[in-house]
2 protein chains.
Amino acid sequence: MATIKDVAQRAGLGVGTVSRVLNGSGYVSDEARQRVLDAVRDLNYVPNAQARALMTRRTMTLGVALPDLTNPYFPRLVRGIEDEAQRHGYTVILLETDWQPANERRAIDILRRQSVDGAILVDVTLSDLLTNILIAANTPVVLIGRGAERQDVPQITVNNYKGATEAMQWMFSKGHRRIGFLAGPEHAVSAKQRLRAYLDFMGWEAVLVDDWEKHPELPIAQADYSFERGREATEQLLQKYPDLTCIFGVNDMAALGALAYLAAQSISVPDTLAVIGFDDVLMASLVHPPLTTMHQPVYDMGVAGARLLIERIKNAECEGQRLVFDPVLVVRQSC
Amino acid sequence: MATIKDVAQRAGLGVGTVSRVLNGSGYVSDEARQRVLDAVRDLNYVPNAQARALMTRRTMTLGVALPDLTNPYFPRLVRGIEDEAQRHGYTVILLETDWQPANERRAIDILRRQSVDGAILVDVTLSDLLTNILIAANTPVVLIGRGAERQDVPQITVNNYKGATEAMQWMFSKGHRRIGFLAGPEHAVSAKQRLRAYLDFMGWEAVLVDDWEKHPELPIAQADYSFERGREATEQLLQKYPDLTCIFGVNDMAALGALAYLAAQSISVPDTLAVIGFDDVLMASLVHPPLTTMHQPVYDMGVAGARLLIERIKNAECEGQRLVFDPVLVVRQSC
DNA sequence: ATGAAAGCGCTAACAA
DNA sequence: TTGTTAGCGCTTTCAT
């Protein structure tokens, strides 16, 4: 690989001048500039990011830790982050944690080693711990989804409680009273908040979100955030509560799983049983019947997250903003 | 951030000794080792990857360029790559190109700048050009999906022609004779190979895969690789050819789109119209009716790709292996 | 407007 | 067995 020295030599100039041309800093005569540019082209020169980072103490990379690219929710978020990052000249380093705390720790170590200029932690379990580690290492952090105790770190969340309550209101307005719930994974706060809203609306304020399994009388089944488990959970739910008129999926994947089960059983939706989801992933609008759901502006959340982080990098003083997005009801045909 | 100097100071040793401990190279007394380890822990020290890369001329990163994480096919592939990379201590840098040549060029520049130790190019349009650029820059390359002319670069492909032929044989054996095809994007060779198999099997050997649009008499419609377009294409197809008994989707997303359209129209699958796909993404097994499709071992392809690349990095001399995976028919209920 | 030189944090070669 | 030192490729003073 050609180095800046090779370029300087070929251009018949010093490395300082070459550097100035490449970075647009300082004075350079037009002639020198042209000679440098020609040499760069001839040698197919690309500056070495490592060497540059060592000097400037900036890598121009952003680290993103997220649970699982396999869940269609996250790629959209990533797109938002990447698009905004690119606009500002940053490269994104993606790390999947698979919801495993051990992987989350590993991810943070990698980000530190790579000295990313900033990090976005999406739905991480160990948010408090990881945030502290990064801040201690002087790395700006933005949290998406799951928040942290510290008030000085920017966070982007969705008003899950409000969204789920709106969903409940909609079901109620459609006449549903016996509503079942497909619950999310234990580690996900978003899932708990939605469950809380469900419980409250149903008049079960006394039940704690972590304790629902101790209340077998409640029409709730564990679906995690997956299609497959949503499907199984629906089957269990209907076995125990055949008189439900509506099912509220903690997210679209679970609700889509429900839809699949119902189709397989030839149970008509929404006539015999209505279904509502949460997220509004692309697939939701495409299945049959199209899924009524609470839309989350995922792409925009990604953009906002990257923007917040980059601001933070440029100005460490700005305070820990919190952005809360409201989900909006998208009425389609499943409920 | 603490540097190796801080660690040395705290341990009361020289930086050389610290480096030796950290890298497990050379002789170090047990006592010194312990002192270093303690200091590392106390200072929460993490070695700087940039500085190390500058010295060792290896970044321990792999670059992966792929079209679109939003398509469920790719995240599985990424998982395979990441898992294998991690086993060998490599970090993966992911770049999405959105099928855009311009983005592909940008991606290669980024990979060069970051001096990744190797690159995996997945279904890139400019495979020949990009491969040449990287090889010229002395960066080992592995291609997945779309191949290149050069014989010296390892490639991983799927035998699309054979797979599609098998699919056709299956449809034929089920009694189908009037079979429609949902075609893929023009830039994807995989899509063309499947189309070629379809045309050949149907006895239209004379039609060129790039020219099918000039033959309005053929029951083919453009679906790209997407659910949405698959849906639209199915509608168009059935309007023109109401007597089709079977539809062959160029990939699962297109076939899934077809299934959604048919469900919306209350056309029963597979009785009135059978559907078959290609890829076997997770969703295929979960919808109703479960999709009959040609399974691709995507995860394993990712693993194999990473493995090939890492071998290549360690031993630049090994020749350009080609791995061809055979898709296998998974009979479910849609055909 | 340009060149020379110091130094970013690390590894590796050499000396002790 | 350990410490010292010379760079890796780059940016950034400081002279000129």
Side-chain angles (χ1 to χ4, degrees), chain A residues 1-37 39-40 43-61 89 91 109 111-117 137-139, chain B residues 1-37 39-40 43-61 89 109 112-117 137-139:
Chain A
M1 284 296 301
T3 74
I4 197 173
K5 233 172 163 175
D6 300 324
V7 176
Q9 200 156 24
R10 181 164 187 116
L13 293 161
V15 289
T17 307
V18 176
S19 174
R20 259 160 277 169
V21 171
L22 262 29
N23 296 292
S25 60
Y27 296 94
V28 179
S29 70
D30 284 347
E31 198 219 320
R33 181 185 319 281
Q34 200 47 56
R35 296 238 299 278
V36 168
L37 262 22
V40 165
L43 296 173
N44 221 319
Y45 170 76
V46 174
N48 178 307
Q50 279 78 34
R52 178 176 284 180
L54 214 49
M55 260 320 282
T56 60
R57 313 183 134 278
R58 298 186 315 159
T59 54
M60 295 306 285
T61 57
T91 298
D109 261 14
L111 296 184
R112 286 229 287 150
R113 220 189 303 271
Q114 298 290 341
S115 26
V116 292
D117 292 341
N138 224 329
T139 305
Chain B
M1 284 297 299
T3 74
I4 197 173
K5 235 173 164 175
D6 300 325
V7 176
Q9 200 157 25
R10 180 165 188 115
L13 293 161
V15 290
T17 308
V18 176
S19 175
R20 261 161 273 164
V21 172
L22 263 30
N23 296 293
S25 60
Y27 297 93
V28 180
S29 71
D30 284 347
E31 198 219 319
R33 180 186 318 281
Q34 200 47 55
R35 295 239 300 279
V36 168
L37 260 23
V40 165
L43 296 172
N44 221 319
Y45 170 77
V46 174
N48 178 307
Q50 279 78 36
R52 178 176 283 179
L54 215 48
M55 262 318 286
T56 61
R57 311 181 137 279
R58 297 185 316 157
T59 54
M60 294 307 285
T61 58
D109 261 13
R112 285 228 289 150
R113 219 190 304 270
Q114 298 290 341
S115 27
V116 293
D117 292 342
N138 224 329
T139 304

Using modelled atom types only, decide if a donor and an acceptor are shared between the side chain of [X] and the backbone of [Y] within a distance under 3.5 Å.
X      : Y     : value
B/T56  : B/R52 : yes
B/Q50  : A/A51 : no
B/R113 : A/A49 : no
B/R20  : B/G16 : yes

What one should report as the nearest heavy-atom pair of B/R112 and B/A137 is CD-CB, 3.6 Å

First and last nucleotide of DNA chain D in contact with chain B, 5' to 3', at under 4.0 Å to a heavy atom: what are they?
-> D/dT1 to D/dG9

Produce a footprint string for nucleotides 7-16 of chain C: one letter per nucleotide, 5' end first; B if the base is under 4.0 Å from any protein heavy atom, S if only the sugar-phosphate is, - if neither.
-> BBBBBBB---

Between B/Y45 and the options B/D6, B/V18, B/I4, the side-chain contact (heavy atoms from CB on, under 4.5 Å) test singles out B/I4

Mind checking the CG-CG spacing from A/L22 to A/L37? Nearest 0.5 Å is all I need.
-> 8.0 Å

Just how far is it from atom CD of B/Q114 to atom CG of B/D109, taken to the nearest 0.5 Å?
-> 11.5 Å

Check every strand shown and say whether B/A32 touches a base, only sugar-phosphate, or nothing at a heavy-atom separation below 4.0 Å.
-> sugar-phosphate

